[in-house]
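Just so you know, ligand 1 is whichever comes first in the structure, and atom 1 is the first atom listed for that ligand. Note: hydrogens, waters and symmetry copies are ignored here, and every other heavy atom, side chains too, is used.
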Amino acid sequence: MTLAPCDLLVHGAGVLFSGEQVLEGDGVALGDGKVLETGPSSGLRERWAPASELDAEGGVVAPGFVDAHVHPAFAEGRAGEFALRSRGADYQEIAAAGGGILSSVRAVRGLSEEELALKVAGHFRRMRRHGTTSCEAKSGYGLTVEEELKSLRAIAAAAESTGMEVFPTFLGAHAVPEEHRDDPDRWVDALCDEGLPAAAESGLARAADVFIEGIAFDLDRSRRYLEKAKELGLALRVHADQFEILGGVELAVELGAESVDHLEMLGDGGLEALALGTTFAGLLPAVAHFLGQETDAPARRLLAAGVRCFIATDFNPGSCPCPSLPEVAHFARRRLGLTAEETLTAITSTAADSLGAGDRKGRLVPGHDADLVILDLPDLDHFGYFLGENPVCAVVAAGGVVEE
Ligand code: NIG
Ligand code: FE
């Protein structure tokens, strides 16, 4: 029998996880940047002649992780605020006093586009060491039209230099910038008249996002912004119900948003809307931990109501300086009550589906992109059990080994 050439054969998996379920066998054949076949490696060897091999040594082999809520366009951390919060100040107070997001804005405005791109590339590399091969990436720390576009260009440059597959999102409506503090509508005008059209027409963003919250944008302004984004053909992703219920969840569902994220305060009305709509729920359990918030998104109720939930880091300098999905998996299990299998599904196939990319990302099935991770875990149940230790021992992206 003639063997077909393939680029890489991964073998020796103790558990092979497709992104939705445990598969038969211990091996994956990859070629031309795609998954060719999964199954027992003895059988794969009867059909494929691999150019190279990777031994999973009994670990868990899963699709490359997809982080579907990330704010990577920042320059530096905000450890000073962390210290203030440890002494009792809260996140909203710090924001209202001109700190928070606005302090990250000052730092981003002080960098050239090239300098910012190097920062973003550093963030992408940190994420990939923890198994993330694709991510959503928001602007949101520029807050002038030009600085937001600079951030999106820096994200694109960092994607190119690191090989991270990026789904870019325009987040001009992250906060009201200092110069528009007395007249937030002027900033919403600028976003609707210039920012969103420029983001859509340049192709620098595929989606738009808004922070619907007392410290950011009210429901009317958010509606105006989201309707404009939708009219321009951008997908919608929304931050809502983190601290206050303002009706952002219902608005997101009404407008057919891809996802509405946070949901720590989600009420019955929002849950019913999500159950009836097609919008995914983005759950960010490490944020509640980092902010010392007692309430978590009602993950079990959402899942019981049939709402599709993904888990993401929300990696950002203010509310979650954590680039690691395996670390966040611990909080998903501990605080949200997810099983290991549900958690792994929520950071692979469901996260990819929420970005409209489930037909090529987040699944180890033939024809999908050849992105996978090898986790040094004795079985699936140990995923999210360990914390403070990176279980990722190898990362393959687009068919090539990028971390080992
Ligand atoms: O998702 N909520 C808005 N944005 C981020 C926090 C951004 C920051 O504090 O810098 C979040 O939590
Ligand atoms: Fe966020």
Under 4.0 Å from one or more heavy atoms of N316, ligand 1 contributes atoms 5 (C), 6 (C), 7 (C), 8 (C), 9 (O), 10 (O), 11 (C), 12 (O)
What atoms in ligand 1 come closer than 4.0 Å to a heavy atom of H71? 1 (O), 4 (N), 5 (C), 11 (C)
What residue and heavy atom of the protein are closest to atom 12 (O) of ligand 1, and at what distance? S319 OG, 2.6 Å
Could you tell me if the ring centre of Y91 sits under 6.0 Å from that of F243? yes
Got a sec: is H69 within less than 2.8 Å of the Fe ion (ligand 2) via an N/O/S atom? yes
Is the distance between the Fe ion (ligand 2) and the nearest N/O/S atom of H239 smaller than 2.8 Å? yes
Using a heavy-atom cut-off of under 4.0 Å, does the side chain or the backbone of H174 touch ligand 1, or both, or neither? side chain
Who's the nearest protein heavy-atom neighbour of atom 11 (C) of ligand 1, and how far? D314 OD2, 3.0 Å
Salt-bridged, R224 to D185, with N to O below 4.0 Å? yes
For ligand 1 and S104, I'd like to know whether there is a polar contact (N/O to N/O, distance under 3.5 Å). no
Mind checking whether F74 contacts ligand 1 via backbone (N, CA, C, O), side chain (CB onward), both or neither, at a 4.0 Å heavy-atom cut-off? neither
Report yes or no: does D314 have an N/O/S atom closer than 2.8 Å to the Fe ion (ligand 2)? yes
E258 bridged to R237 by N-O distance under 4.0 Å: yes
Carefully, step by step, assess R363 and T348 under the rule side chain to side chain donor-acceptor pair (under 3.5 Å). CA-CA 7 Å; R363 287 178 174 82; T348 54; over 6 Å; no
Check this for me, if you would: do D220 and R223 make a salt bridge, where the nitrogen-to-carboxylate-oxygen distance has to be below 4.0 angstrom? no
Closest approach of any protein heavy atom to atom 7 (C) of ligand 1, naming residue and atom: Y141 OH, 3.2 Å
Atom 6 (C) of ligand 1 has as its nearest protein heavy atom Y91 OH, 3.1 Å
Check whether any heavy atom of R78 sits under 4.0 Å from an atom of ligand 1. yes
Any salt bridge between E165 and R128, counting N to O under 4.0 Å? no
Counting from 1, what ligand 1 atoms have a heavy atom of H69 closer than 4.0 Å? 1 (O)
For the Fe ion (ligand 2), which N, O or S atom of H71 is at the shortest distance? NE2
Pair K230 + E227: basic N to acidic O under 4.0 Å: no
Strictly below 4.0 Å, N to O, side chains only: are R106 and E178 in salt-bridge contact? yes
One pair to check against side-chain contact (heavy atoms from CB on, under 4.5 Å): D241 and H262. What are the steps and the verdict? CA-CA 6 Å; D241 283 17; H262 278 295; 6.0 Å; no
Are any of the side-chain nitrogens in E148 or R153 under 4.0 Å away from the carboxylate oxygens of its partner? no
